[in-house]
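Note that the structure is predicted; figures quoted are calculated from it, not measured.
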Amino acid sequence: MEHAIDRRNFLKGALATGALAAGGAALAGCSPAKPEEGGSAGNTTDAGALPKGYECAEDWLGEKPVVDEGDIAETKDYDVVVCGGGNAGVQAALAAAQEGAKVAVLEIQPEASWVQLGNDICAFNAQWLVEKGYGPYKVGDIVAEFIRRGGGRVSAEIIRKFVANSGDMLDNIIAQIPETSNLFDLETGQAQIQVAYNMPDGSYYPFERGGFKSWATTIQNLSTKNPTPVCGREDVSRMTEIALYCKDAAEKLGAEYFFETDVTVLEQNDAGDVTGVIAKGPDGYVRYNAAKGVILATGDFGANPDMVVNLCTDINEQSLRCDIPREEMTGESNNKGTGHKLGCWAGGFIEQAPRPCMNTNGGNAGPWGTTPFLWLNDYGKRFMNEAMTPYIKPTTLKQPRGILATICDSKYMDVMKQCSTDHFSPNWGAAGVDIIKIMDRMEEQMQSAVGKGAEGVSVDGVYVIEYDNTMPDQVYAADTIDELLDYLGYEGDAKKEALATIEHYNEMCHAGEDSDFGKDSVFMSAIENPPFFGSAQPNTGRGYVGLVSLCGMVTDDNLNVLSSDLKTPIKGLYAVGNCLGQRFGNAYSTPAAGSSVGMALTHGYVAGKIVAGGTVK
């Protein structure tokens with residue numbers, strides 16, 4: 001049950017007093033339990049109290065549920081129980097089954113409509129990729145780049161386990177795909193590898209721009225679908241196709257999937273070790289014993305406004321200052337933090353703030369993604385080194401409310417060709433980009449803006465390549481910069497400032513050096529050759545989760561959830577996917593697209609092996 005909180009009262013008094021009604025309540029059909037003593041329940045709360053170890057204004061956690069013994073209809077015994085059948089959970093189940101474990105997967109979705117999210121898979125040094133010229137790459141260099149982008153707020157070993165094992169994970173998936181599937185067909189544009197312009201193979205990487213390195217290693221499926229049925233289902237997404245084949249492979253090894261099953265609570269012995277779970281399915285409550293371990297793979301908490309408001313501080317404060325309702329701070333997933341709560345009730349902790357969400361990636365205005373053209377704020381001023389892609393969103397959110405504009409001239413393609421494969425860079429992907437011809441389409445649409453004046457035209461984006469999602473932006477063209485600024489909404493002092501800024505920018509371009517902010521010289525192209533192009537977007541200051549929240553449980557190097565001392569593991573409890581913390585630090589900044597899905601798949605694969613007694617790199 002969620003409490004409705006009046007937004008005006010919330011803004012005026014709730015955070016000031018630190019006392020709001022509890023936002024998380026026990027699940028229906030369960031009676032509240034008294035908090036247990038000791039480390040096994042160090043994160044549970046008394047009624048009305050705040051969760052221990054968090055700076056928050058509400059009880060977003062609630063009390064640990066208890067299911068009466070008489071309500072449990074059946075007990076089932078397994079070695080490994082996986083809570084959640086998403087990208088991470090599916091790979092955990094397959095890997096554990098391959099190690100000989102008896103596995104159960106508990107998934108809340110109905111089987112007939114079970115789907116997986118995502119389009120891109122980041123993996124390093126898979127044999128499949130190396131054979132096509134993408135690698136081998138140095139693991140240590142990639143790990144160092146993730147740590148640099150994460151501001152040191154990540155676990156180096158958790159990152160290393162992703163980088164070092166992602167290739168094995170991908171090769172294991174490919175081994176499950178039958179010859180009837182065209183899932184990874186690069187030649188016909190069913191998939192592609194994202195590359196930089198005129199850098200078609202791994203010998204050109206890492207590629208550095210704006211002080212950050214990137215690699216060509218991401219498989220993108222372009223939102224294609226298999227024309228033939230997949231495990232009896234038609235018209236499924238590619239990530240769902242992968243899940244179906246991997247589920248089928250795991251079931252042949254004895255794994256069991258239980259759909260429409262909602263995990264209610266973890267069971268622990270007197271020592272605090274996790275021994276299994278109680279979950280509610282179509283036939284009532286069932287106890288699932290786990291002799292070797294339980295893996296939390298239930299996804300993020302982006303659909304839970306109580307958790308977002310209390311745990312994602314930067315989103316919360318940014319939005320409150322702009323009078324944004326709390327329900328608009330949520331993300332695009334349907335997950336409400338079940339795994340996080342289970343882990344906390346068992347004595348674990350979510351990683352400390354700042355807690356990352358997938359809302360800090362992307363570019364400025366326009367269809368060009370993170371292409372570092374000249375960017376102006378509402379005052380008409382340049383405000384950053386546009387090539388430092390990890391800092392785009394955090395920096396733009398700190399700009400005055402109003403206009404954020406991107407400006408370039410007829411030589412725009414020269415700048416785009418210098419971009420890296422950093423997340424949301426213009427995508428020159430091998431194979432698919434030539435088939436879809438997104439760059440040709442963009443140029444044709446931009447040229448059609450000439451003569452359209454203040455009307456402008458819609459131009460399809462070139463930073464995400466999908467057959468069914470073009471992500472367009474409105475682009476304006478003009479013969480003079482003065483005229484273009486009018487179309488973008490600048491007037492008065494802001495327009496004068498913009499004209500002066502462009503003049504100064506051009507001077508630096510001719511000098512070959514960004515003496516203000518240090519942008520790479522290859523991007524310093526003067527804005528002086530008509531037609532001039534621009535795009536503008538509003539900066540409302542709204543903060544929200546984006547696609548998913550990315551903060552999760554604190555674990556040791558083997559993904560075993562830890563108590564607050566950061567050295568005592570909660571035996572039998574593991575976290576993967578968006579239940580796993582210490583992956584992205586401050587924000588979602590990655591040296592290759594698809595790292596979120598890649599980590600989910602890989603950490604699931606790693607945890608499955610570890611819990612079942614296998615070995616990983």
Side-chain angles (χ1 to χ4, degrees), residues 82-98 103-121 123 128 169-186 188-192 219-263 279 281-283 295 297-300 303 332-335 432 465-469 547-548 576-578 594 596-598 600-601 604-605 608:
V82 182
C83 301
N87 290 318
V90 169
Q91 296 311 312
L94 175 60
Q98 289 173 329
V103 181
V105 180
L106 314 181
E107 168 57 39
I108 197 169
Q109 295 183 72
E111 182 172 11
S113 56
W114 179 51
V115 297
Q116 306 293 311
L117 301 178
N119 281 313
D120 300 348
I121 302 174
W128 187 87
M169 173 279 298
L170 181 61
D171 287 333
N172 192 47
I173 285 177
I174 291 173
Q176 317 310 319
I177 309 300
E179 293 183 358
T180 55
S181 175
N182 59 358
L183 173 62
F184 293 125
D185 191 342
L186 302 181
T188 62
Q190 299 301 306
Q192 70 165 21
I219 302 174
Q220 301 173 323
N221 63 44
L222 314 179
S223 292
T224 59
K225 295 181 179 179
N226 197 326
T228 59
V230 178
C231 298
R233 288 181 56 182
E234 297 182 349
D235 200 37
V236 297
S237 71
R238 291 302 194 180
M239 292 307 300
T240 304
E241 179 177 356
I242 289 174
L244 287 168
Y245 287 134
C246 290
K247 170 179 174 288
D248 184 61
E251 287 178 329
K252 289 177 180 176
L253 295 171
E256 295 182 78
Y257 273 72
F258 297 91
F259 290 93
E260 298 181 72
T261 298
D262 190 6
V263 180
D283 298 323
I295 300 174
T298 59
D300 74 316
E332 298 179 32
S333 78
N334 294 318
N335 299 320
I465 302 179
E466 297 177 9
Y467 283 102
D468 60 357
N469 184 11
L547 291 179
V548 290
V576 297
N578 286 327
S596 177
V597 171
L601 297 169
Y605 170 83

Ser223 vs Asn469, side chain to side chain contact (heavy atoms under 4.5 Å, CB included): CA-CA, chis, key distance, verdict: CA-CA 8 Å; Ser223 292; Asn469 184 11; 5.6 Å; no

Spacing of Glu260 atom CD and Leu106 atom CG [to the nearest 0.5 Å]: 13.0 Å

Rounded distance [0.5 Å steps], CG in Leu183 versus OG1 in Thr224: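 Atom-to-atom, Leu183:CG and Thr224:OG1 are 7.0 Å apart.
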
Trace of the side chain to side chain contact (heavy atoms under 4.5 Å, CB included) decision for Gln192 with Leu222: CA-CA 8 Å; Gln192 70 165 21; Leu222 314 179; 3.8 Å; yes

Beyond-backbone contact of Phe184 with Ile242, side-chain heavy atoms, under 4.5 angstrom: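 SC-SC contact between Phe184 and Ile242 confirmed.
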
pair Asn172-Leu94: side-chain heavy atoms closer than 4.5 Å: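 Answer yes - side chains close enough.
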
Minimum heavy-atom distance Cys231-Tyr245, with the two atoms named: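 Nearest heavy atoms, Cys231 then Tyr245: SG-CD2, 3.9 Å.
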
Mutual orientation of the aromatic rings belonging to Trp114 and Phe259 [parallel < 30°, tilted 30-60°, perpendicular > 60°]: perpendicular

Candidate pair Val597 and Gln116, rule side chain to side chain contact (heavy atoms under 4.5 Å, CB included), full reasoning: CA-CA 10 Å; Val597 171; Gln116 306 293 311; over 6 Å; no

Trace of the side chain to side chain contact (heavy atoms under 4.5 Å, CB included) decision for Arg238 with Asn226: CA-CA 7 Å; Arg238 291 302 194 180; Asn226 197 326; 3.4 Å; yes

Partner set under salt bridge (Lys or Arg N to Asp or Glu O under 4.0 Å) for Glu111, not counting sequence neighbours: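 Salt bridge (Lys or Arg N to Asp or Glu O under 4.0 Å) check on Glu111 returns Lys247.
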
Worked check of side-chain hydrogen bond (donor to acceptor under 3.5 Å, both in side chains) between Asn119 and Glu466: CA-CA 9 Å; Asn119 281 313; Glu466 297 177 9; 2.9 Å; yes

